[in-house]
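Both counts, for ligands and for their atoms, begin at 1 and track the order of listing. Values below: every heavy atom of this structure, side chains too, minus hydrogens, waters and symmetry copies.
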Amino acid sequence: MEYFTKTVEETIKLGEMIGDSLFPGAIITLNGDLGAGKTTLTKGIAKALGVKRIVNSPTFTILKIYEGKLTLYHMDVYRLDGIGYDYDLEEYLYGEGVSVVEWSDNIKGSIDEHLRIDIYQEDGQRKFILSTNSKKYDPVMRGIK
Ligand code: ADP
Ligand code: MG
């Protein structure tokens, strides 16, 4: 499905709608150029999960952990490009929290069942394309109004 936003606030709202129907072990992958809105969307997801701390880009840390109704693992694997698959991340990806992975295409090897969001910058708006390889995420898609 496609979704369009014109402002940061609308992108955060989209993130909240997604975050509202996430469940333990959920994985969201975000791909799109620098400045596309991956971290902004993650802020909305974090808000829905009841995270109180400010979520910002983990570009220099790979992983940040936020406590909420569910634990949020916010990963930015931009720097893993070409290094190979990082097996350490699996412990988080397939754990009980919610994982949001910016630049997941930079991970060599595939991620199991997940919701994939590709973000494109268009004139005056952002286009979000949501797709999934698992029925588990159908309720998440249906929760977007
Ligand atoms: P990424 O994590 O993909 O690099 P960020 O979310 O950190 O991107 O940054 C997005 C940038 O684009 C911010 O500077 C934000 O103000 C700007 N922006 C403009 N329009 C939008 C929109 N509709 N949604 C999200 N961000 C937007
Ligand atoms: Mg980012």
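For residue T42, no N/O/S atom approaches the Mg ion (ligand 2) to within less than 2.8 Å.
Side-chain N or O atoms of S134 include none that pairs as donor or acceptor with a backbone N or O of Y137 at under 3.5 Å.
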Please tabulate, one line per pair, the protein N or O atoms found under 3.5 Å from any N or O atom of ligand 1, giving the distance to one decimal.
residue, atom, partner, partner atom, Å
ligand 1, 2 (O), T39, N, 2.9
ligand 1, 2 (O), T39, OG1, 2.9
ligand 1, 2 (O), E102, OE1, 3.3
ligand 1, 3 (O), A36, N, 3.2
ligand 1, 3 (O), G37, N, 3.0
ligand 1, 3 (O), K38, N, 2.8
ligand 1, 3 (O), K38, NZ, 2.7
ligand 1, 4 (O), G35, N, 2.8
ligand 1, 6 (O), T39, N, 3.4
ligand 1, 6 (O), T40, N, 2.9
ligand 1, 6 (O), T40, OG1, 2.6
ligand 1, 8 (O), G37, N, 3.2
ligand 1, 12 (O), G35, O, 3.4
ligand 1, 12 (O), R126, NH2, 3.0
ligand 1, 18 (N), R126, NH2, 3.3
ligand 1, 23 (N), T5, OG1, 3.0
ligand 1, 23 (N), T7, N, 3.4
ligand 1, 23 (N), T7, O, 3.2
ligand 1, 24 (N), T11, OG1, 2.6

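Shortest distance from the Mg ion (ligand 2) to E102 is reached at OE1 (N/O/S atoms only).
Here the CE atom belonging to M1 is positioned 11.5 Å from the OG atom belonging to S131, to the nearest 0.5 angstrom.
Atom NZ of K47 has 12 or fewer neighbouring heavy atoms from other residues, nucleotides or ligands inside a 6.0 Å radius.
In this structure the side chain of V98 never reaches within 4.5 angstrom of the side chain of Y66, judged on heavy atoms.
Under the 30°/60° scheme for interplanar angles, the aromatic rings of Y73 and Y92 are found to stand perpendicular.
Summarising the geometry of S104 relative to T29, their closest heavy-atom pair is OG-CB, 3.2 Å, with the distance given to 0.1 Å.
Checked against E102 for a side chain to side chain contact (heavy atoms under 4.5 Å, CB included), the options V77, L41, T42 give a single hit: T42.
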